[in-house]
S.K.: 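One structure, pasted below without further comment.
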Amino acid sequence: MPPLIPGSRLFHRSAAALQILTTRKSLLSRQTSTVDLAKSFLDRLRRTEPHLNSFLHVSPDEAILKQAEELDNKIKNNEAVGPLAGVLVGVKDNICTYDMPSTAGSRLLENYRPPFDATAVRKLRESGAIVVGKTNLDEFGMGSTTEGSGYQVTANPWDLSRVPGGSSGGSAAAVSARQCMVALGSDTGGSVRQPASFCGVVGLKPTYGRVSRYGLVAYASSLDVIGCFGSSVADAGILLNSISGHDKFDATSSKREVPDYQSQFVAIDYLESKPLKGLRVGVIRETLENGVDSEVISSVRDAVSHLEELGCTVTEVSLPSFSLGLPAYYILALSESSSNLSRYDGVRYGKQVPGDELNSLYGDSRAQGFGSEVKMRILMGTYALSAGYYDAYYKRAQQVRTIIRSSFKEALDKNDILISPAAPSVAYKIGEKKNDPLAMYAGDIMTVNVNLAGLPALVLPCGFVEGGSGSLPVGFQMIGAAFDEGRDLSPVTDKLWKKFYKLQFGADSTNTVAKVKEREEATQKSLDRIKQRYQEEDARNKSRQVQFCSKVPPPSKKRSFYGGTSVPWLMLLACCCQQHLQHKKWLLKKAKLEFINSREVKNIAAMKNKVVHRNHSVSSTRKPIVNSGFAASSSSSSSSKITKPIQRRF
Amino acid sequence: MRSAEGQTATQEKQQTQLKASPKKESAKFEEVLKNYEAVIGIETHVQLSTHTKAFCSCPYNYGAQPNTSICPICMGLPGALPVLNSKVIEYAVKVGLALNCKLSLSSKFDRKQYFYPDLPKGYQISQFDIPIASGGYLDVDLPLEFGGGHRKFGVPLLEIVSEPDMRTGIEAAEYAAELQRLVRYLGVSNGNMQEGSLRCDVNISIRPIGQLEFGTKVEIKNLNSFSSVSRAIDFEISRQVLLHTQGQANQIVQETRLWEEGAQKTVTMRKKEGLADYRYFPEPDLPGVTISEEYINGIRNCLPELPEMKRRRYEKLGLSMQDVLFLANDINVAAFFDATIGTGADVKLAANWIMGDIAAYMKNEKLSITDIKLTPKELGELIASIKGGTISGKIGKEILFELMAKGGTVEGLIKEKDLVQIVDPAEIEKIVDKVLAANPKQLEQFRGGKTKLQGFFAGQIMKETKGKANPGLLNKILLEKLNAKS
């Protein structure tokens, strides 16, 4: 089996040619047809899918080609076509589509076809996009590896033996492998951003309420957000633009106006020497401490120092409440999910296990339909909401949430964006953490706080770490203030996005604004300088070859990062990741330990080890926690000791 | 809890009390009853008459075919989200204001979780700890609750919980009747108990008089009329007192009992094993409800006249208590009455017409006052025509039935049927002469002393004039003529 890393022959030669704006240009100028474009994607999809398993359902060719033909006819007749005309979109399978199954990765919803489109999907279709299929995910979005799917395990395109992250792993893998142009995912605790980081694509989690949740199968309603995957910031921005806005079917969707993110992109030629001058960047100290892989830290630090070079004012900020986010997140998300999942009783839809009487029908349908991770989460959530425990868990977690929200607000008053890694590590091996849920949960540490605060965040690839069959992408996270995807992330969008976008496409942007020629020249000079510097650096470090950038893959096995016809869009950041890439080690131990030592986790662990009775009193359940031996295990450095008894439960 | 205006269920009280008692014989038992005091609280669910369901735009019609008024939202399909119907809040505020509750400017929704076949999502969206209105004039709490109800999921329900302040079945039935009037006056619900638009669950316990702590409470369900509320409570009091006096007070357990209308008794429905854990938590799919003072004032200014105010006003108009209660009982009747007197009609006459012939007609034909074709304007016209002497009372009645059944105007009918009363003495005299001439034999007899025949002559004249002769004038002239030549 050939390695499916980007850059191999399976991948398209020019990634830029497969992004939304260039596609639009070539379609409208009739250089290419929608049908041809769709065929090329379907062809690649068919070749790569057996290795990746990123789709749970692929729309039949005829259906896709028919839509493409219709678009071609429109273009031929000079009729108006939407901004996403001809764009092939993958949709996470927990987002409802009326013409395809929507299983949320659960066996319980096998073959379930909703009678309606999610609002986001409806808007996509109205913009001319073609839904190519439904992507794999952890059942109901509950997981960080996509191994929790009730159907299949998706592989990471950079290394097929590794996980693509999750829960939107299918969407991330599909975009990374160019099986589709862009994709929708959902992000409850990092489910868009972590897989984006693992698969080396751009992942955008909008502000809570920016995109309607109508039609998104609920996991934790107060945290769920539909997010975007793209191979460039521009693609993610254009996608977000088309799905945002108030929806009368979602009372929590915001009525704020949707800014035109696209209009903010600026040609690379107009870059100044310090294009990000004045942008205040805060690096969250707690995210670059022990517990995070050193390679990840150095990649992010390099990206940060590069931002500094580009004119940003970089300061380090401290969010002492950061580590509180993980337990609070798990309590809130699981509590809400225990309620949200109570509708799956096998009566009106989904898999039904016939029973002699109603309770056994309910019970058996749920017992056989849900996977073990889902059952565990329902149990824990139910426990946390039970009378007598509500104050200790749910209420306290809500208080933590308030603290986190205000500490983010404070930090974002002083900074335009905050920066952290997207995940404490790069993609790990399939099966590595499957039996160690606590380790998997601990991997969400970088992302969950953002969901608790409801803020927007963007994950960009910023470098690579050696490992697997080549190297693995590292992502860094930029967190903006609420509803500043366009304006407050505008430090990012307005400056970074624009620049990155233009870096990628060269001069022929749709949105060319006339600017002074000197400026262009100055820009070019500065770019040349940067290029030269990196080329020199690269030459110096030839022995430690670094693979750069997923989207504009180097043409040959020998990866020079200026390879290809256009400049890699992530060059500025990606090339910061450099020199001494040491052998890989997983430095999660401390994070794990801290997490495991926290009282909530001990209690959760104890819960999993116990059958939870209804109507138990507080004292009687607390007691076994002390005696269960988990207290002793807290001094042990190995998490496997703890998970063993847990494993046996399931 | 006030029930000064007790009437609806009052009449039946005495006999039902005895009929429903387990031991009906004893006057002794009546004595025993006096040593105990019942503590009664009522939880009323009012189904709001919004055109659509609480959280989606499906129409709601009672009696519609199952599964015809559903959508992904009320089906609880994956991905569907509830959106609050703003009418629901408006109605809740109306009821809250009418009950003089304290309104919360911001309230929130919670999920109440339990598995039940008619609950597609496995939880009900309700208001748990911050209801929209509380502490009302009738000492009621007023939280909103949604969901539940056979085939009817998604229908908005208003829950009105009373303090345990009532002591007798009559009092409780009257409380419920007053609530029914209130919601009908406000137009927020049809308040129909048979359709289940107004459901009462009664909580009842007894304690020896003088004891402060409450006894074990029992909940009674399936009460679909005011009289069953009253009877069920009286039965339950007797049952519990009996158990107490027999030393079996421990057999009174916390349970839900069902009122059986046929057997006129309560039976165990289910015993509660401790408290159900509904695992309430804030509904994340709905933002909190924030209402402004202006919004509340706007609604307050548009509140209709409420039953209590209406009764006071009618009393001031000089109507008897019986009239007041009858007219104010039904909002539509009251509106009809008000419109009638608005035309300048005599208050007492209008009340009499409505409570007499019109009410009888409605009862016979099983119609409501909004179904009959008579308009208040025409009733006013009719009353004026009789009072002014244009037509006689007798003809008035005839016209009334015509108006109720077919509609039309008083003036038109009078013209059409030539019913104007004959008030010209000369004309009446002519007819009297004619009749006397036509019946010489009877005239003979009358003059021979058989004075009772005056009625016969009057009848003949009325027949001749088709009832149009003014009766007073007629009798006067007739008597003159009869006696003239004797």
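A quick note: this is a predicted structure, and the numbers were derived from the prediction, not measured. First the proteins, then the strands, lettered A, B, ... as listed; each starts at 1.
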S.K.: Against chain B, label A/Asp224 side chain, backbone, both or neither, depending on which of its atoms sit under 4.5 Å from a heavy atom there.
M.R.: neither

S.K.: Name the region of A/Tyr208, side chain, backbone, both or neither, that has any atom closer than 4.5 Å to a heavy atom of chain B.
M.R.: side chain

S.K.: How about A/Arg343 and B/Tyr123: does a side-chain donor come under 3.5 Å of a side-chain acceptor?
M.R.: yes

S.K.: With a 4.5 angstrom heavy-atom cut-off, is it the side chain or the backbone of A/Val217 that approaches chain B, or both, or neither?
M.R.: both

S.K.: Please flag which part of A/Thr382 lies under 4.5 Å from any non-hydrogen atom of chain B: side chain, backbone, both or neither.
M.R.: both

S.K.: What part of A/Lys248 gets closer than 4.5 Å to chain B, counting heavy atoms only: side chain, backbone, both or neither?
M.R.: backbone

S.K.: Between A/Phe249 and chain B, which part of the residue has a heavy atom less than 4.5 Å away: side chain, backbone, both or neither?
M.R.: both

S.K.: Parallel, tilted or perpendicular: which one describes the rings of A/Tyr349 and A/Tyr344, with boundaries at 30° and 60°?
M.R.: perpendicular

S.K.: Check each atom of A/Leu358 against the heavy atoms of chain B and say whether the ones under 4.5 Å are side chain, backbone, both or neither.
M.R.: side chain

S.K.: List the steps, then state whether salt bridge (Lys or Arg N to Asp or Glu O under 4.0 Å) holds for B/Lys121 with B/Asp285.
M.R.: CA-CA 13 Å; B/Lys121 293 194 290 282; B/Asp285 285 333; over 6 Å; no

S.K.: Determine whether the side chains of A/Tyr219 and A/Arg377 contain a donor N or O and an acceptor N or O closer than 3.5 Å.
M.R.: yes

S.K.: Side chain, backbone, both or neither: which part of A/Leu223 has a non-hydrogen atom closer than 4.5 Å to chain B?
M.R.: neither

S.K.: Decide whether A/Arg401 and A/Ser222 meet the rule of one side-chain donor and one side-chain acceptor closer than 3.5 Å.
M.R.: yes

S.K.: Which residues pass the side chain to side chain contact (heavy atoms under 4.5 Å, CB included) test with B/Glu90, not counting sequence neighbours?
M.R.: B/Lys87, B/Lys94, B/Tyr295, B/Ile299

S.K.: Please check if any side-chain donor atom of B/Thr256 sits under 3.5 Å from a side-chain acceptor atom of B/Lys221, or the reverse.
M.R.: no

S.K.: Using a cut-off of under 4.5 Å for heavy-atom pairs, which of A/Tyr214, A/Phe116, A/Tyr112 has the most such pairs with chain B?
M.R.: A/Tyr214

